[in-house]
K.L.:
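Provided herewith is a single structure, encoded as structure tokens, for subsequent inquiry.
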Amino acid sequence: MADAAKSGCPSDEELSALLEGALSQDEGAKLHAHVADCQSCGQVFALLLNAQGAAEAPKPLSEFDQRYELRAQVGRGAMGAVHEAYDKKLDRVVALKWLHGEHGEGSVSAGTRSRALEEAKALAKLSHPHVVRVYDVLSVDGQDVIAMEFVDGGSLRAWLDERRRTPRDIALRFVECAHGLHAAHTQGLVHRDFKPENVLVGSDDHARVVDFGMASDVGVPNARLRDAADQRTHARSGTPHYLAPELWRGEKADARSDQFAWGVALYEALTGERLFSEADVGARLAAMQQQAFLSRPA
């Protein structure tokens, strides 16, 4: 403040100290009295007070932040990242799946994302003990987010790898998966990418199928059994090893496609080996038709 010493008015530093509560009780009382009587000092002090208030004022929380408290990332896959979160409104822990954007890192096609969202909305109407519940479908800063049941556990793959499981225990988990798939099929929903990685086994040791309709597009050659020159390349949904023959041929997935993937996964879990050894499409289809399995259980 210009000529503060001559006029008896406090300096800007003294006013700032008053604002910050850095003065003694006597000094603070004297400055407060001066500011109350001095119009120019009162104006400067008001400006400093407003500036401090603007700097300290918290940004308004979005509707999403008001409801959810994000915690640790608990998974990441082809479709997006999954975070544990706390739902403050309903007082429960949830899983939030953030779907990749079409052009971002790990992006997926708009068609796949659209299908995943539509099936998530349909799954929100389904309540079954062996299907991960979908609570809501949100849009947060232009990103699609699916709020789901949080399962305290790991994937069926991790459960199988953790230690040697008895055939009975394996069968029980897969029967639970079958019940979950059947419940979805009765609602007209098809998983399209059933595999051990898309099943969660909770701390209660029960299985829950997750990620219906979230199969990402993978490049799989068209499987018309003709000369190589006639073959074209198409996008197929799902994980190649578990794909049913009709999906290799580019046909539409239905409940039977999930049943095939379930059977392949069960065979693998019981024997510890892959069902088919052939890699290329034509050989794979021929092996399926001839039931030429890699190995057979005793």
Side-chain angles (χ1 to χ4, degrees), residues 75 77-79 128-132 151 153-186 189-202 205-221 223 225 236-298:
M79 286 295 295
H128 192 275
H130 300 302
V131 176
V132 169
V151 179
S155 70
L156 177 57
R157 174 75 68 196
W159 182 85
L160 290 167
D161 292 342
E162 184 179 31
R163 65 175 183 270
R164 186 176 180 82
R165 304 289 181 175
T166 66
R168 182 181 183 276
D169 286 341
I170 293 173
L172 287 174
R173 299 292 80 75
F174 273 82
V175 167
E176 291 173 340
C177 294
H179 284 308
L181 289 172
H182 175 70
H185 294 161
T186 59
L189 298 170
V190 180
H191 193 287
R192 293 185 178 87
D193 194 22
F194 180 83
K195 57 185 176 181
E197 287 79 6
N198 283 339
V199 176
L200 296 177
V201 180
D205 225 27
H206 290 295
R208 299 162 180 82
V209 185
V210 68
D211 284 355
F212 280 81
M214 295 208 184
S216 60
D217 293 341
V218 294
V220 177
L225 299 181
R236 299 288 174 260
S237 292
T239 302
H241 178 69
Y242 303 96
L243 283 183
E246 63 271 18
L247 300 187
W248 283 89
R249 293 193 294 263
E251 299 169 8
K252 186 178 179 180
D254 61 21
R256 293 169 296 181
S257 309
D258 286 348
Q259 291 169 5
F260 181 91
W262 179 90
V264 172
L266 175 59
Y267 181 97
E268 183 181 316
L270 289 172
T271 67
E273 297 189 48
R274 289 293 181 100
L275 184 57
F276 301 106
S277 60
E278 290 74 11
D280 66 281
V281 180
R284 174 70 67 86
L285 272 175
M288 289 177 180
Q289 293 166 351
Q290 299 167 16
Q291 297 185 358
F293 306 123
L294 177 62
S295 61
R296 296 180 183 275

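Note that this is a predicted model, so its numbers are computed, not measured.
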K.L.:
How long is the span from the CG atom in Leu181 to the NE2 atom in His128, to the nearest 0.5 Å?
P.N.:
10.0 Å
K.L.:
Minimum heavy-atom separation for Leu156 and Cys177, please, with both atom names.
P.N.:
CD2-SG, 4.5 Å
K.L.:
Could you pull out the closest heavy-atom pair between Asp169 and Trp159, with the gap in Å?
P.N.:
O-CH2, 3.7 Å
K.L.:
To the closest 0.5 Å, what do you measure between OG1 (Thr166) and CG (Leu270)?
P.N.:
10.0 Å
K.L.:
Please report the interatomic distance NE2(His179) to CZ(Arg208), rounded to the nearest 0.5 Å.
P.N.:
14.5 Å
K.L.:
When rounded to the nearest 0.5 angstrom, what distance separates NZ in Lys195 from CG in Asp211?
P.N.:
9.0 Å
K.L.:
Say whether, by atom type as modelled, one donor and one acceptor occur between the side chain of Asp258 and the main chain of Arg192 under 3.5 angstrom.
P.N.:
yes
K.L.:
Minimum heavy-atom separation for Leu247 to Glu251, with atom names?
P.N.:
CD2-O, 3.4 Å
K.L.:
What pairs with Asp254 under salt bridge (Lys or Arg N to Asp or Glu O under 4.0 Å), at least two apart in sequence or on another chain?
P.N.:
Arg256
K.L.:
Around atom NE2 of His182, are there more than 12 heavy atoms of other residues, nucleotides or ligands at under 6.0 Å?
P.N.:
no
K.L.:
Please list, chain by chain and in numerical order, all residues satisfying salt bridge (Lys or Arg N to Asp or Glu O under 4.0 Å) with Glu268, sequence neighbours excluded.
P.N.:
Arg157, Arg274
K.L.:
Provide the closest heavy-atom pair for Lys252 versus Glu246 in the form atom of the first, atom of the second, distance.
P.N.:
O-CG, 4.3 Å
K.L.:
Minimum heavy-atom separation for Phe194 and Phe174, please, with both atom names.
P.N.:
CE2-CE2, 4.4 Å
K.L.:
Nearest 0.5 Å, what's the CD-OH distance between Glu197 and Tyr242?
P.N.:
5.5 Å
K.L.:
Minimum heavy-atom separation for Leu160 and Ala269, please, with both atom names.
P.N.:
CD1-CB, 3.8 Å
K.L.:
Between Glu176 and His130 (side chain of the first, backbone of the second, donor and acceptor by atom type, cut-off under 3.5 Å), is there such a pair?
P.N.:
no
